[in-house]
Visitor: 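Below you will find the structure I want to go over with you.
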Number of protein chains: 2
Amino acid sequence: MARTTGSDGEKTAAAVREAAVSLIARLGYEAMSMRQLAAEVGVQAAALYRYFPTKEDLLFTLMREHMEGLIEAWGRARPASDDAAVRLAAYVENHIAFHIERRHATHVSNMELRSLSHERLTHILKMRTAYEKELRAILRDGAEAGRFEIDDVGLTAMALIQMMTGVIVWFRPGERLSIHEVTTTYLSMTMRLVGVKTDTREEAHVHEYAQLRA
Amino acid sequence: MARTTGSDGEKTAAAVREAAVSLIARLGYEAMSMRQLAAEVGVQAAALYRYFPTKEDLLFTLMREHMEGLIEAWGRARPASDDAAVRLAAYVENHIAFHIERRHATHVSNMELRSLSHERLTHILKMRTAYEKELRAILRDGAEAGRFEIDDVGLTAMALIQMMTGVIVWFRPGERLSIHEVTTTYLSMTMRLVGVKTDTREEAHVHEYAQLRA
DNA sequence: CTATTAATAAAACGAACGTTCAATTAATTC
DNA sequence: GAATTAATTGAACGTTCGTTTTATTAATAG
């Protein structure tokens, strides 16, 4: 046999990406074989090489697209407000929503970095740094404006990122808590963590904003 | 050749553990070959099987010992105080100190769980759960005693664990911050996160305690 | 000094790996 | 409907993997 009836390059490519994210998240990149991936897609291993020249190219593509998606999502969610608390709330909500929606892809992007070549690792890390820089800017602005109480902006940013991204480790849709409940709780933990000043006029807006997006 | 001059089973076994932790942390369990590990130890691959019957046995042993060490360390560090804030401070300090001291082993224990058999995975997860349960108990006590302000004990515990363990991802000894500075900052972030009540008599003790251990 | 045990080397096993290549068939174009 | 292009198969390549077996040497015990 050769070309199969109804075969379509675009559909196969999409199926490969989807199956790869799921398999790598479950087994790990090194543990997943190209034959396993091919079987999941319903195709022979050789067919995969029509879409991705090497296994590492496949991994890199998945990671790059995930990071691009994250940065793009934040670009759309970023509010114009000059109140750091409003921007922080939006950052937290976008981050949690994005990562919960793409648990598998996040797992891959976070856990398989060591399987990239030095060059490609650098590329992915640059994207990640750019994204995290946005959070540091928010925290710095808030601290300078007296809106937050922060000891160390860099440390606080890392702590918040780890805390938020960690949601994907234990969160399972349809269990005890809804995405909305998780987000609300994480939002309030975040605000306490950065020592946001309460009882001011602006504070009401943050809560309004949170309610609005709920 | 066969047995080499000066060879010693105990020393070799220890060297294998140490090299394995380092190699698995750097390359990943699946990516590390037994031949690579043997070369690092300065021995042939077959010699490894005198100490660990399979590659997975080796991984499991490393993880189990790491978790045992963590639980044991907390057993020694756990204060008798019935003030939840004091106990929380001790938990945070012990957790960060332990994980920074064993960055590689922590990496292995957190990242390579999927390479364990179901049975062994369960065993490790039970140990982990037991350890995390201690934190939840502290948070619950503090919340019930009105010492903390917590929305959801389970969520807060996970958030704190992720935040604290995340230190190993970016912390490098000898860089901008010392272990002590990191711990101090994380301690204050933790206390704010759980909404600890300030300006009480007990609060002074927490700070005293932190200073004492610095 | 001899017998025994501990620790290793050397070689080999079958299986699985990522990848390539040639052949083959489906879809599309003219 | 013939020619071309797109998509895939099936088989094979060389390499590496975890592991086993056997032989060999160092250390130890009697």
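Every value quoted in this text rests on a predicted model; they were computed, and no experiment measured them.
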Visitor: Under 4.0 Å between a side-chain nitrogen and a carboxylate oxygen: does that hold for A:Arg17 and A:Glu10?
Guide: no
Visitor: Which nucleotide sits closest to the side chain of B:Ala46: D:dT8, C:dA11, C:dG18?
Guide: C:dA11
Visitor: Measure from CZ on B:Phe52 to C1' on C:dA7 and round the result to the nearest Å.
Guide: 15 Å
Visitor: Side-chain N or O of B:Thr12 less than 4.0 angstrom from OP1 or OP2 on C:dA7?
Guide: no
Visitor: What integer distance in Å separates B:Arg50:CZ from C:dA10:P?
Guide: 17 Å
Visitor: Of the options C:dA7, C:dA23, C:dG18, whose atoms approach the side-chain atoms of A:Ala2 most closely?
Guide: C:dA23
Visitor: Centroid separation under 6.0 Å, is that true for the rings of B:Tyr91 and B:Trp74?
Guide: yes
Visitor: Side chain of B:Ala45: nearest nucleotide among C:dT8, C:dG18, D:dT19?
Guide: D:dT19
Visitor: Can you tell me how the ring of A:Phe98 sits relative to the ring of A:His66, calling it parallel under 30°, perpendicular over 60° and tilted otherwise?
Guide: tilted
Visitor: Between B:Glu56 (CD) and D:dG18 (C1'), how many Å, whole number?
Guide: 13 Å
Visitor: Taking OP1 and OP2 of D:dT9, is either one under 4.0 Å from a side-chain nitrogen or oxygen of A:Tyr49?
Guide: no
Visitor: Would you check if there is a donor-acceptor pair between the side chains of B:Thr185 and A:Asp151 at a distance under 3.5 Å?
Guide: no
Visitor: Run the salt-bridge test on B:Arg136 and B:Asp141 with the 4.0 Å N-O cut-off and return the result as yes or no.
Guide: no
Visitor: Could you check how far CG of A:Leu27 sits from C1' of C:dA16, rounded to whole Å?
Guide: 15 Å
Visitor: Would one find a side-chain N or O of B:Ser33 under 4.0 angstrom from OP1 or OP2 of D:dT16?
Guide: no
Visitor: Take atom CE of A:Met32 and atom C1' of C:dT19, then tell me their distance rounded to the nearest Å.
Guide: 14 Å
Visitor: Scan A:Tyr51 against the nucleic acid and name what it touches under 4.0 Å (heavy atoms): base, sugar-phosphate only, or nothing.
Guide: sugar-phosphate
Visitor: Would you tell me if any nitrogen or oxygen in the side chain of A:Tyr29 comes within less than 4.0 Å of OP1 or OP2 on C:dG18?
Guide: no
Visitor: Would you mind reading off the distance between A:Leu48 atom CG and D:dA7 atom C1', rounded to a whole angstrom?
Guide: 12 Å
Visitor: Separation of A:Glu30 atom CD from C:dG18 atom C1', in whole Å?
Guide: 11 Å
